[in-house]
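This report refers to the structure that appears directly beneath it.
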Amino acid sequence: MIYSENVLVCMAVPLLLALFFLRDRARQFVLNFLLGMAACLLGAYVSGFVDAASGLGAEDTAIFISPVVEEGMKFLPLLFYYLMFDPEDDQLIRAAVGIGAGFASFENICSMIATGTESLSFLLIRGLAVGVMHIVSVFAMILGLIIARRFKALRLSSMVDALSLSMLFHGVYNLLVSQPGVTSVIGFCMPVVTAGFLYLALRRLRGGE
Amino acid sequence: MSFSLLSLWPVFLQIAVLAALLALSVRLIRRSGQAVAAVFLTFVFALWLFTDLYWVIFDLMRPDGRMPFAANEIGEAAVFLMLAALLSSFSLGRGRVFCWQTAGALAFALGNAALWVAWSREWIDDLFIGAAYAAFLAQVVRALMLQGSLRTGEWIALAAGCFLLLLGQALTFFVPAGAVRALDLGCYLLLAAGAVCWAIKAFSARRGRPLYLIYALLGWVITAKYMSAGGWYSLFLVCETLCLPPLYRAVRREVGP
């Protein structure tokens, strides 16, 4: 058993202190990174509760329920920021990337504590795949919101759509990597390939400004 | 695996069609001067594509398993909401939001959701999707009504058909096995006949706005898909796929330069 709360406290204290010495964009990024870590812990609580309440089992919960819960947890702080402060596109992207990176880092650390740190190749693959996947999924979500706002198509359905897209992306990844073999190779490659496409989409979006 | 692949060909077909339409709808955003409807259509196709991909991957990796509540259920509900939002993005004109037609659509959706729950016992999944499906059907019926797309006799025939479908499917829980097969066959034939009628009406509507009739056809075919099993399910899934290019064409006609 991992005492994730203790890990979070150890990681958060230096970052919280750093907030006092940082300004503007750097402070915003660190704050969002912290929020991402907190979202990861809350997501684990909710997934654990669903596992206990539904009797699905730890593996099926991780494959089917976690994507829904985790993306929801990442979405909530972003939605709050989006609705309360009406930020610029770039501010929103920074917030999304910070939350995604914080979420992925905390998940990776908890995973390393649970499984051990002997195999560097495994840790590299996991770090690259999970790290990129969380950033890509939250980035896709925020890109959906930005596009909807830019084209004056922002409604409840657009928000649900953006959230669903990120949940589906995360769900497909979890499904693919749940079994060893070709599927998991495809799964590990999927976030990096999608990140490339999203980068191109962002460049085009910025070019159109 | 080979059987699974064979039985999944209608989904593969739909994925291929959706991928092509997604690329076209992205182009439509630029061509239409960034029309809201084109953005919504792109969202619909992207979400639908991912939902299908999730389903196919699950079916290939766990052919014998039954999927619990997962991301694709939320995706399906979001597709219904986006389809409704796409329809409402067109100027439907002024009119009452609620009338006996929309009440009928909501009752039909409620009846369908109740049948899904009775078949699968998956309360959360079915009620969640049922709510989004009801919103979609209500929006389609409202659009048909405000545009005057159906005559009084056609509304009555539609109501009678929907009532018979719900009654027929509800009776299958109470009658012996032999009668269940006959009732199922009757319902499938009624669903197929309804789909043919909607298709004739949608594709013969040269004037006006055929978009609403194509929406009605799509709504009917989706209902038929959810109500059927086995080969009939595959048939209605193919019909659903065949409705997608006309949907794109109708939206392009509405927003195009």
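Lettering of chains follows the sequences in order, A, B, ..., and the numbering in each one begins at 1. Excluded from the calculations below are hydrogen atoms, water molecules and symmetry mates; all remaining heavy atoms, backbone and side chain alike, are included.
Counted by atom type alone, B/D126 and B/S120 present one or more donor-acceptor pairs between their side chains at under 3.5 Å. Inspection of the A/E71 and A/S137 side chains reveals an N or O donor paired with an N or O acceptor under 3.5 Å. One side chain, B/Q14 or B/E240, offers a donor N or O that lies under 3.5 Å from an acceptor on the other.
When each of A/L168, A/L176, A/I63 is scored by its heavy-atom pairs under 4.5 Å with chain B, the top score falls to A/L168. Contact count against chain A (heavy-atom pairs under 4.5 Å) is highest for B/L47 among B/T51, B/V44, B/L81, B/L47.
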Pair B/L244, B/W48 - check side chain to side chain contact (heavy atoms under 4.5 Å, CB included), show working. CA-CA 11 Å; B/L244 297 175; B/W48 205 326; 3.6 Å; yes
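Looking at A/D60, the atoms closer than 4.5 Å to chain B (heavy atoms on both sides) all sit in the side chain, from C-beta outward. Contacts between A/L56 and chain B at a heavy-atom distance below 4.5 Å involve the side chain alone, from C-beta outward. Only the side chain of A/V68 comes within less than 4.5 Å of a heavy atom in chain B; its backbone stays farther off. For A/L163, no part lies near chain B; criterion is any non-hydrogen pair under 4.5 Å.
A salt bridge does not link A/E88 with A/R94: none of the charged nitrogens is closer than 4.0 Å to a carboxylate oxygen.
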